[in-house]
Amino acid sequence: MAHKLTTCTFCGVGCGVYLEAVGNQIVGAYPSMSHPANEGRICLRGWHVHEVASSPDRLKRPLLKKGGQFQEVSWEEALGFIAGRMKEIRARHGAEAFAFLNSPRCSNEEAYLLQKLARAVVGTNNVDHGTGVYCNNSINVLLDMLGVPATTNSIGELARSEVIVVDGVDLARQLPTIGGVVIRAKLAGAKLVVIDSRRHRVAESADLFLQLKPGTEPTLYGAMAKVIVDHGLMNQPFIKAHCRGYEQFLARVRDYDLLASAEACGVAAELIEAAALAYARAHSAAILYSTGIEALDAEPVQAIVNLALLAGQIGREGAGIFALTEHNNLQGVCDMGMLPDRLPGYRNVGSEAARAELGKVWQAELPAAPGLASRSIFSDRGAGRVRAVWLCRYDPVSSAFFGDAANALDQCELVVAQHLFLTETARHAHVVLPTTAFGEERVTFTNTERRIQLAEQIIEPLPGTTPAWQQLTRVARDLGADWRYESAADVMDEIGRVVPFYSGANYPNLAAEYGRQWPCSKDRPLGTRYLFAEGLPEQGFKFAPIARRPQAAVASAEYPLTLVFGHSLYYWNQSVLIKHSETLKREYRILLLDYPEGFVEMNPADAKQAGIRDGEKVRLSAAGGSAVINARVTPEVRSGTVYVPYFVRQVQQQVCGSAESGVQLIPARVAKELA
Amino acid sequence: MKARLLERADVLKLVDLLRQQGYEVFAPFAGRGRDTWFDLVTDENRDRIQVHLPNPYYPPKRFVLPHIERLLKVRQHDGTIQVEPTYRERKRAIFGIRSCDLSGIWHLDRFYLGREFRDLYYQKRRENVLLINVVCTDPERDVNDECFCVCADTGPAARDHFDLQLMDLGGEFMSVAGTPAGEAFFAQPMFKPATPAHVEKRRVILEEVRKRFKTTTSWFAATVRYVSQGGILEKTWEEIGNRCLECGGCTYVCPACTCFTVSDRQVGPNEIERVRIWDACALSGFTRMAGGFNPRRAVHDRRNRRFMRKLAHYFIQRELTMACVGCGRCAAVCHGDVGMPSVVEMIRRATAATDKIPPS
Amino acid sequence: MSQAITSPTSVNGAAENIYLPKLAVLDRVSDDIPEVKTFYWHFEDPAEQAKFKRFRPGQFAQVSLFGVGEFPASLPPSPTEDETFFTIRTVGSCTAALHQLKPGDRFAVRGPYGNGFSMEDYYGKNLVFVAGGIGLIPLRSCIVYALKHRDKYQRIQIFYGAKTPRELMYVPNLREWQKSAGVECYLTVDRAAEGWDGNVGVVGSLFKRPGVRVPVDNTIAFVCGPPIMFRFVIKDLLAMGFREKDIVSTLERYMKCGVGKCGHCCIGVAYVCVDGPVFTYEQIKKLGEDI
């Protein structure tokens, strides 16, 4: 029996988990009591993290489509085929015909090599990760306003925050361990402010619950900023010393009116005022929001950062901004440059200096034009330009709610899929490469608090599978690049040479304790618990003035409800990993079994008024069309709002008339559908 | 009392002896910080065995009721079916099991071997397990903040349910046998007779250790009464439910939790295995029936169920043991601080106010 | 080892694996109502078959479809009948797998489990059976048993209703019982259809039909059906004067082991698989949890 500490690879908390192995099987999982991120707690997914690897559905051999059917082939044949086709396509259509997309669950090593393959070997910046369509807003805003695109503090510090604001993220479902930290902080005396249009589990423990109308965050934050300014609670010394753009920001804030904003948001003015005062007066206050699955548009993120700068709640223990990443390595894949406009380390692809520096290390000339994002690729293949797509552990046919991935892939000349299972997406591929699973390789992931951690190898890989990063290396070599990596540790060493804030994160250093939080450089080998601890940058922060929006009339008599579409709250219900664990499958499948054709969520009061009971068929109508769907009556949903999860595609198409979506707000009505 | 003494240096020799006798020995090891676990003793790790350390959170119940256990191997071909039960019968010794966990195994014994049916899988594992208890004597190292065995009357020194018990007296270890199997070890020369002075030393140490638990009031009594009489306010359960994040952790780490689910999995082209896996009544799918009816759909109904099973007088009477051993693991792994100690406190506070039963 | 635990049922000392199902062969299948079929089967081993045939009305068995799973099935035959069969509606993956089987196919069964109805305790009493929809399945066993021991009981009344005439279960038996002199059999449907000239209304409406007199003293009422029907029928029976301990029913829960170990079927203080599935209404009220 072996008990090895590793990192759970489900969500962005990256809990410390011990895996117990007997022979070559992982037979148990339990939490690490001393890990700084979770301190002895893990969620339901973590308790079953060991079940996925042993699923009998694991692919064991490369698959090559011949005559429309998959056939098992050797690695030589599969990789040879890939390299051959890639050369052909590049010769005929150029580098821009390629796109390289991965899942935010890929390891740092895989992500790094995938974008290196794209940029240094093929010559394109068409590189993106699965949640790029939402997450990149946060990256751009944080880089612009703070200079760092990540959570500024550590999870453990929330125990020392006087005020915790949770905006628009259902912690209990997405990052349960952080949900627990927040609940326990509240029990210990912290003031918990929850801002969300849904009444989720953690909201039940809130001291102040601002259940706002969907899409009104900028207005709410604008009002909060106004309250802080009116009470003279802004942190003048902080603003003066460290922030630019305050005057323009202040000018816009003066346009906000507390009462008008309260009306627009649907939140009592006293609550907004109380939340703002608590936040500004706290010695240390933290704001948590989501960058991934439930991500906000750019404006709300700007508003959040504005608030933090206004109150000077950055750069102290327990005071900061938590740009939460729901996927285990969303932070890492972005750090590694799986972004169409940014290189590893976030430098712009347009920067000649950055390209030259990186090009020297990679011994290649790098493309300057920003690439296509995943959304564009799955809508129309970048106006038809893209003919070859490489998907690393990514299953957009199941999980992307924009575009039509299946259709886009079917029109490609080459689709390469790397995964554990024959996913829905893999079925559309020309070549499928089976990869090693969690516990079968030693690689790194970066959690939401910038902690670069090792996930250990506990057992031998399933015979026939190889690590994804190794497959990328072999293809690169087949394409003529001189890549030499003996182990994943070698890849991390190169990452350290290319990404300054990873420069100290070699494997021995990471293994010494519970990983390292970046910046982890050669002169800061122990990592950084919270950013700006040594000092805030002089004028390094920037305010973003946000004009007060006139209140758009969303609801009308004909369409009195606001329909929220495509919010991927129920992401985990569709995840391929969940489907391969007995208990997780049972728990996550309930929603899908109870409402097999999808559902529209309604508040009980609204449902009662319409004479609708849970499970009944209703007609959901909007200006663009209507659809018939089952009702799920739940007190979680705000009265006046109805919500359809992202995977109920046909409803989206019928009601909106298009397959496009995002966090859209559509005026709608719901009526009982008689048989 | 048939007490013996064991030199400090001989304690690990006992482990060696067990291995020589053909036992797979599991002993406690320490990792980083407070991470500890029971692992198989090998030549390589034998010297790293720790006697005094925080009780490992992965509960030793898994040695008699594994996290995943194969029940049947089924082969189907040519229209015939071969069904083969698979048992595990290798001898094992759990060295260093704590007194609270012994009570947990005792509870599992009564549940799986008593009652209407006897579970043969459990029986075969149990018959082949030797329990070597180590008494918690070191308040700094052995006792966690969450421990409350003194309230559940299961520790710090078990009175029964062990084969052999070892207790650190400072200079040497006192050893007591609980079964003939345990007593057989006393024939070994490393065990010397104890004196009344040693027995007195034991008593003093235990008295001291008991004082070092954070809470020593026996607050179960009132809570058992409230739960048994169905007197707990619905809003108390709702409050508890609001803090529960439905992770299942409390059940998985509990030494006295017994529930499991059964599942068939494909393991070969014509081969299936039927396994049982730990399950938790905290989860929504635990009671959901095919077709959709779920009697415990709401999370607070499930929390209600858990604490009724743990605390209601009916169940205590049914198994003659309480399904809580005071180990504190549930408190340690809970996100929302609704482990047993917190819930008991919440129930007492909320219900005492409405308690109209006059003292008799 | 600590002092050995003795179990009241392992008196003979034989080590029995309670989770081991025995192989069974499907003899034939008959269609009942939409989504419901009756499966006639027997154990491969005649000794197992003989042992099993000593089941009591109201007991159930665990049916294994290897590779899919196991599920509990009521036993609708009376132990006095020759054939063993299940009547199963397809609701989930296991029942769906059973519905795919053809005669000659093999599956596995273990049982019988549960307490069953104490039909001997009711000798000398009037028996009133009230069933709704597929609730007739477990009660059929008691009815056939009672009719086989007709001289042991006083009056026997059957009140049975379904949503539509097409959804009435066990129609051949119903015809038999309606014709039989020793039984009062009243039928009803919620919604009439072409060709139905019987009562229209919920089961409870049968109690009020002219000429229907339901005995209350020295009577046991068996109730089985969907939750709403159950609630209303109980109300009616209590209003008529039935004592709570003279109303019996059979409860259903998600089950995995059937032998009181896995914990899924627990309601309050009872395990449905060993303390039930048959409970009196008095017991149901005292379970400590809503059903």
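Below, each value reflects all heavy atoms present in this structure, side chains not excepted, and no hydrogens, waters or symmetry copies. Proteins come first, then strands; the chains are lettered A, B, ... in the order of their sequence lines, and each starts at number 1.
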### Message
Pair C:Phe66, B:Arg75 - check side chain to side chain contact (heavy atoms under 4.5 Å, CB included), show working.
### Response
CA-CA 9 Å; C:Phe66 289 122; B:Arg75 272 190 212 90; over 6 Å; no
### Message
Set out, in order, the CA-CA distance, both residues' side-chain angles and the distance that settles salt bridge (charged side-chain N to carboxylate O under 4.0 Å, His left out) for C:Asp290 and B:Arg296, then state yes or no.
### Response
CA-CA 9 Å; C:Asp290 292 335; B:Arg296 289 191 208 122; over 6 Å; no
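Side-chain atoms of C:Lys256 do not come within 3.5 Å of backbone N or O of B:Thr261 as any donor-acceptor pair.
Chain B forms more heavy-atom pairs under 4.5 Å with one residue of C:Met255, C:His264, C:Glu70 than with any other, namely C:His264. For the set B:Thr287, B:Ile81, B:Asp264, the entry with the most heavy-atom pairs within less than 4.5 Å of chain C is B:Asp264. If you tally non-hydrogen atom pairs under 4.5 Å between each of B:Gly230, B:Cys281, B:Cys259 and chain C, the highest count goes to B:Cys259. Each of C:Gly288, C:Cys262, C:Ser93 has some count of heavy-atom pairs under 4.5 Å with chain B, and the biggest count is that of C:Cys262. Interface summary for chain C: among B:Ile105, B:Asp119, B:Leu102, the most heavy-atom pairs under 4.5 angstrom belong to B:Asp119. Considering only heavy-atom pairs separated by less than 4.5 Å from chain C, the leading option among B:Pro295, B:Ala312, B:Gly291 is B:Pro295.
The 12-atom threshold is exceeded at CG of B:Leu320, counting heavy atoms of other residues, nucleotides or ligands nearer than 6.0 Å. Within 6.0 Å of the NZ atom in B:Lys91, the count of heavy atoms belonging to other residues, nucleotides or ligands exceeds 12. More than 12 heavy atoms of other residues, nucleotides or ligands sit less than 6.0 Å from atom CZ of B:Arg88. Heavy atoms of other residues, nucleotides or ligands lying less than 6.0 angstrom from CD of C:Glu252 number 12 at most. Atom CZ of C:Phe232 sits in a sparse spot, with 12 or fewer heavy atoms from other residues, nucleotides or ligands closer than 6.0 Å.
Looking only at side-chain heavy atoms (C-beta outward), B:Tyr314 and C:Lys286 stay at 4.5 Å or farther from each other. Put simply, the side chain of B:Val74 does not reach to within 4.5 Å of the side chain of C:Ser64, judged on heavy atoms. Residues B:Leu72 and C:Leu20 form a side-chain contact, since some pair of their non-hydrogen atoms from C-beta on lies under 4.5 Å apart.
Using modelled atom types and a 3.5 Å distance limit, the side chains of C:Tyr19 and B:Arg274 yield no donor-acceptor pair. Using modelled atom types and a 3.5 Å distance limit, the side chains of B:Thr80 and C:Arg106 yield no donor-acceptor pair. Between the side chains of B:Tyr87 and C:Asn17, at least one donor-acceptor pair of N or O atoms lies under 3.5 Å.
With a 4.5 Å cut-off on non-hydrogen atoms, B:Arg288 touches chain C through its backbone but not through its side chain. In this structure, the portion of C:Val274 lying under 4.5 Å from any heavy atom of chain B is its side chain and not its backbone. For a residue to count as touching a neighbouring chain, one of its non-hydrogen atoms must lie under 4.5 Å from one of that chain's; by this rule B:Gln76 touches chain C with the side chain only. For B:Phe286, the parts lying under 4.5 angstrom from a heavy atom of chain C are both the backbone and the side chain. Using a 4.5 Å cut-off between heavy atoms, C:Cys257 touches chain B through its side chain atoms alone. No part of C:Glu44 comes within reach of chain B, as not one of its non-hydrogen atoms sits under 4.5 angstrom from that chain.
In this structure, B:Arg318 and C:Tyr271 approach most closely via the heavy-atom pair NH2-CD1, 3.2 Å. B:Arg305 and C:Cys266 make their closest contact through NH2-SG, 2.9 Å (heavy atoms, listed as atom of the first residue, atom of the second, distance).
Annotation: cation-pi pair C:Lys261/B:Phe260 absent, no NZ/CZ under 6.0 Å from the ring centroid and within 45° of its normal.
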